[in-house]
Amino acid sequence: DDFIFAFSEFKKMRRAIKKPLTEHAESLIVKKLQKMYPENEPLQIECLNQSTENSWQGVFEIKNPETSSKPSNEKIKELVNGSSFWNASV
C-alpha cells in the first residue's frame with residue numbers, strides 16, 4: 001500500500017532527524033491527514049511526501065506553486081516596471 005510506504009518513509013525521516021514519533025503522535029498525524037484530505041489517499045500521500053522531502057516534523061497542507069506567497073517573476077517585473085519609485089529621475 002502506497003500510504004503505508006509513505007508513512008514508513010516519514011517515520012524513517014523523523015528518526016534520522018532525531019525526532020522519532022511516539023505511537024500517540026503517529027495516530028494524531030493519521031487523524032490530521034484524514035481531516036485535511038478526507039477519503040483522498042493520494043493527497044494524504046503527497047502531504048506525507050512533502051513533509052519527508054523537507055524534513056518537516058509535522059504534516060501541513062500541500063504547497064501549491066500557484067498559491068505560493070512568493071510573487072512570480074512576471075509579477076516582480078510588473079511591480080518594478082509599473083512603480084513610480086523605479087521610474088523617477090534622480
Side-chain angles (χ1 to χ4, degrees):
D1 180 50
D2 292 336
F3 180 85
I4 292 171
F5 178 76
F7 197 72
S8 171
E9 291 299 307
F10 176 73
K11 290 180 357 180
K12 274 195 233 177
M13 178 276 297
R14 286 288 304 257
R15 284 192 300 275
I17 64 169
K18 309 281 191 245
K19 303 277 185 180
L21 291 167
T22 63
E23 285 183 31
H24 181 65
E26 286 183 28
S27 75
L28 289 174
I29 287 176
V30 170
K31 286 177 187 174
K32 186 174 182 179
L33 288 167
Q34 290 170 344
K35 186 176 180 181
M36 286 193 302
Y37 304 106
E39 299 181 32
N40 194 334
E41 190 173 280
L43 287 179
Q44 294 171 5
I45 292 167
E46 187 176 339
C47 184
L48 281 169
N49 289 339
Q50 170 184 260
S51 291
T52 301
E53 289 171 7
N54 293 297
S55 297
W56 293 340
Q57 293 181 44
V59 291
F60 308 95
E61 287 192 28
I62 298 167
K63 288 191 177 257
N64 182 347
E66 295 168 9
T67 60
S68 173
S69 61
K70 289 182 180 179
S72 66
N73 287 338
E74 290 78 26
K75 185 67 176 171
I76 292 170
K77 287 177 187 173
E78 178 184 314
L79 291 171
V80 169
N81 293 333
S83 171
S84 59
F85 172 79
W86 295 106
N87 296 327
S89 58
V90 179

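One is the number of the first residue; the rest follow in order along the sequence.
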Practice item. List for me each residue that meets side chain to side chain contact (heavy atoms under 4.5 Å, CB included) alongside Gln34, sequence neighbours excluded, and say none if there are none. Key: Val30, Gln44
Exercise for review: Keeping to residues at least two apart or across chains, list the ring-ring contact (aromatic ring centres under 6.0 Å, His included) pairs with something in residues 27-64.
Suggested key: Trp56-Phe60
Practice item. Sort out for me which residue in Thr52, Ile62, Ile29, Asn40 forms a side-chain contact (heavy atoms from CB on, under 4.5 Å) with Cys47. Key: Ile62
Point to revise | Rounded distance [0.5 Å steps], CG in Leu43 versus CG in Leu48 | key: 11.5 Å
Practice item. Give, for atom CZ of Phe10 and atom CG of Asn49, the distance between the pair rounded to the nearest 0.5 Å. Key: 11.0 Å
Revision key, fill the gap. Separation between CZ (Phe5) and CD (Glu9), nearest 0.5 Å, reads 4.0 Å
Practice item. Decide whether Met36 and Leu28 are clustered together by the hydrophobic rule: side chain heavy atoms of Ile, Leu, Val, Met, Phe, Trp, Tyr closer than 4.5 Å, transitively. Key: no
Practice item. Taking atom CZ of Phe3 as the centre, report whether more than 12 heavy atoms of other residues, nucleotides or ligands fall under 6.0 Å from it. Key: yes
Point to revise | For Pro20 against Arg15, the heavy-atom pair lying closest together | key: CB-CG, 4.1 Å
Study note, to complete from the structure: Lys63 and Gln50 have their tightest heavy-atom pair at N-OE1, 2.8 Å
**Study point:** More than 12 heavy atoms from other groups under 6.0 Å of CD on Glu26
**Key:** yes
Review point. In chain order, what residues pass the side chain to side chain contact (heavy atoms under 4.5 Å, CB included) check against Ala16, with sequence neighbours excluded?
Key: none
Exercise for review: Write down the atom of Ser55, the atom of Ile17, and the distance for their closest heavy-atom approach.
Suggested key: O-CD1, 4.1 Å
Point to revise | Heavy-atom donor-acceptor pair, Lys19 side chain to Gln57 backbone, under 3.5 Å | key: no
**Study point:** Exercise: identify the closest heavy-atom pair between Gly58 and Ser51
**Key:** O-OG, 2.7 Å
